[in-house]
Each structure stands twice: as structure tokens, then as C-alpha cells.
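Reading through the C-alpha cells given below for one structure.
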Amino acid sequence: MTQVRNPFFARYFARFGGRNEEQGNREYRIELLAGLSGRVLEIGPGSGLNFPHYPSSVSEVVAAEPEPYLRARAEIAAADAPVPVRVVEGTATSLPAGDGEFDAVVFSGLLCSVDDVPAALAEFSRVLRPGGRVRFYEHVLSRDPWFAAYQRAVDVVHPRLMGGCHVTRQTRDAIARVFIVDKCRGFRFPLSAALAPASVRILGSARKAGETS
């Protein structure tokens with residue numbers, strides 16, 4: 001398994017990653033996870049900010065986190081989750097799971113930092129059963145040409161400071177090449193950070209082709 005170590009960003013995220021939960025991010029996480037059931041694979045859970053919001057219809061969450069410091073923090077968060085959560089080592093392109101093993105995959109703030117997005121999405125599809133659900137909450141490139149130009153300029157240094165996060169990706173299109181997108185909406189969050197390059201986001205759901213029963 002490839003080791004992913006980013007000690008500076010991991011500690012920054014563990015300390016400040018939840019700073020916007022009280023300003024509305026908690027509600028976005030609840031929306032992200034609502035209606036899920038069965039076995040869920042969350043990829044790149046970080047410190048486990050999604051864990052408190054899984055519905056009781058989920059029988060188990062397997063959370064694959066590659067960064068050792070964040071994985072340790074996620075294990076602590078898992079102990080207080082309302083559903084069983086098992087934290088494991090794994091990367092987006094090399095998941096410790098069999099083919100079609102999960103009913104749903106969840107990722108948030110992940111594809112902005114993955115080196116090979118098509119390979120990651122292919123791996124997500126591999127571990128998802130036919131008809132399985134995909135839930136995503138991601139940083140993306142703005143549709144506003146002026147803000148997009150600003151994001152492209154900032155993206156020269158942003159990944160180096162923020163754990164590899166690129167703010168110029170067109171993630172919805174990438175997801176749609178692999179899965180059937182059922183719904184997706186874009187918005188800015190937090191609104192108070194008008195110039196934050198990662199404030200342009202999408203939240204949505206998709207599914208793998210095949211049987212849905």
C-alpha cells in the first residue's frame with residue numbers, strides 16, 4: 001500500500017477542518033448522507049467529520065484514509081459514530097475491498113487532491129455493486145469566468161499549501177463519465193469567505209449502472 005504522508009496539512013485539517021460546521025457545513029454533510037443504507041465505503045474521510053451524520057439505515061461504514069495522522073483521528077471519531085465505522089488504510093486508487101462489495105461510496109473534498117481522477121473513479125466503480133449509490137461533495141472550478149481565472153492563478157500554489165487540493169477541476173463531468181448523475185447542485189460556501197478559492201462546491205448523488213434492487 002502506498003504511504004501518503006502530509007503531516008503539516010493533516011494537523012492543520014484536524015485542527016481547523018471543522019471550523020465551518022456550525023455555519024452550515026453540518027447541514028451539507030447531513031444532506032450528503034441522507035437516505036443511504038447497507039454497507040458504505042467512505043474514501044478519504046480525513047478526521048471523520050462525516051461520521052456523526054450517517055443514518056441508522058447504514059449497517060457499516062468502512063472508511064479508507066491514507067494519511068496516518070488523520071487515520072488516527074478518524075479512529076477516535078469512529079468510536080462515537082451512531083453506526084459501526086471501521087477505519088482502514090487505503091488510497092483512492094487502491095482500495096482494500098473486493099469487487100461489488102459496497103452498496104454506496106461517499107467522498108467529500110477528495111477528488112480535488114487525487115493525482116489520477118479517472119483511475120480513482122474506476123476504482124470506486126469496481127468496489128460498488130451494480131445500481132449502487134455515489135454521494136459527493138467537492139471543490140470545483142467556478143462557472144463565473146472571472147472567479148475561475150482567479151482560481152487558476154491561485155492553483156499554482158494552493159495545492160502545495162492545502163494538501164494537494166486543486167480548485168480548478170471539473171469534477172461533475174469526471175463523475176458523469178463513470179456514473180449516472182442523478183442530481184448535482186453548485187453553490188459557494190462559506191459565503192463569508194468571498195475570495196476563498198475552494199469556496200465553489202458541488203453536492204450531489206450518482207449511481208452505478210445496473211440493477212438497483
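- Atom OG1 of Thr93 sits about 11.0 Å away from atom CG of Leu121, to the nearest 0.5 Å.
- Smallest separation of non-hydrogen atoms from Cys165 and His139: SG-ND1, 3.6 Å.
- When side chains are defined from C-beta on, Val106 counts as touching Tyr54, because their heavy atoms get closer than 4.5 Å.
- Side-chain atoms of Glu123 never come within 3.5 Å of backbone atoms of Ala92 as a donor-acceptor pair (strictly under, hydrogens ignored).
- The pair Asp103-Arg129 counts as a salt bridge, with a side-chain nitrogen and a carboxylate oxygen less than 4.0 angstrom apart.
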task: Apply side-chain contact (heavy atoms from CB on, under 4.5 Å) to Ser47 and Leu49, showing your working.
output: CA-CA 6 Å; Ser47 58; Leu49 291 173; 3.9 Å; yes

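- Taking hydrophobic clusters as Ile, Leu, Val, Met, Phe, Trp and Tyr residues chained together by side-chain heavy-atom distances below 4.5 Å, Leu195 shares a cluster with Val200.
- Residues Val40 and Ser37 approach most closely at CG2-O, 4.3 Å, considering heavy atoms.
- Among all heavy-atom pairs drawn from Leu141 and Ala148, the shortest one is CD1-CB, 3.8 Å.
- Remark: side-chain polar atoms of Arg71 are not paired, donor with acceptor, to backbone N or O of Gly90 under 3.5 angstrom.
- Side-chain contact between Leu33 and Pro55 is present, with heavy atoms from C-beta onward closer than 4.5 Å.
- Residues His166 and Arg169 approach most closely at CD2-NH2, 3.5 Å, considering heavy atoms.
- Taking CZ from Arg126 and CG from Asp99, the interatomic distance works out to 5.0 Å, rounded to the nearest 0.5 Å.
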- request: Go through the steps for Ser205 and Arg135 under the test side chain to side chain donor-acceptor pair (under 3.5 Å), then give the verdict.
  value: CA-CA 5 Å; Ser205 65; Arg135 298 293 181 86; 4.7 Å; no

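- Proximity of Thr91 to Ser94: side-chain heavy atoms (C-beta onward) are separated by under 4.5 Å at one or more points.
- Leu70 is not listed as a side-chain neighbour of Pro68, based on a closest heavy-atom distance of 4.5 Å or more.
- Clustering ILVMFWY residues whenever any of their side-chain heavy atoms sit less than 4.5 angstrom apart, transitively, puts Ile180 in a cluster other than the one holding Val127.
- With Val62 as the partner, the side chain to side chain contact (heavy atoms under 4.5 Å, CB included) test is satisfied by one option alone out of Arg86, Glu101, Glu42: Arg86.
- In this structure, Asp155 contributes its side chain and Val167 its backbone to a donor-acceptor pair below 3.5 Å.
- Using a 4.5 Å cut-off on side-chain heavy atoms (C-beta onward), Glu89 and Glu65 make no contact.
- At a threshold of 4.5 Å between non-hydrogen side-chain atoms, the residues Val87 and Val85 count as touching.
- Glu138 has no carboxylate O lying under 4.0 Å from a charged side-chain N of Arg201, or vice versa, which leaves the two without a salt bridge.
- Within the 4.5 Å cutoff, the side chain of Thr171 has no heavy atoms near those of the Phe136 side chain.
- Side chain of Gln151 to backbone of Ser142: a donor-acceptor contact under 3.5 angstrom is found.
- For Pro197 against His158, the heavy-atom pair with the smallest separation is CG-CD2, 3.6 Å.
- For Arg133 and Phe179, the positive end is not near the middle of the six-membered ring at less than 6.0 Å and at most 45° from its axis.
- The distance from the CG atom of Leu32 to the OG atom of Ser108 is 6.0 Å, given to the nearest 0.5 Å.
- A distance of 3.5 Å separates CZ of Arg188 from OG of Ser199, quoted to the nearest 0.5 Å.
- The backbone N or O of Leu36 lies less than 3.5 Å from a partner atom in the side chain of Ser57, making a donor-acceptor pair.
- Using a cut-off of 4.0 Å between Lys/Arg side-chain N and Asp/Glu carboxylate O, Glu31 and Arg185 are scored as salt-bridged.
- Taking the six-membered ring for Trp, Phe124 and Phe107 have ring centres closer than 6.0 Å.
- Asp182 pairs in a salt bridge (Lys or Arg N to Asp or Glu O under 4.0 Å) with only one of the listed residues (Arg207, Arg172, Lys208), which is Arg207.
- Smallest separation of non-hydrogen atoms from Val83 and Ser56: CG1-CA, 4.1 Å.
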message: One pair to check against side chain to side chain donor-acceptor pair (under 3.5 Å): Tyr150 and Asp144. What are the steps and the verdict?
response: CA-CA 10 Å; Tyr150 164 68; Asp144 179 334; over 6 Å; no

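- Atom CZ of Phe102 and atom CG of Leu95 lie 8.5 Å apart (nearest 0.5 Å).
- Within the model, atoms CD1 of Ile175 and CD1 of Ile202 stand 5.0 Å from one another, a figure rounded to the nearest 0.5 Å.
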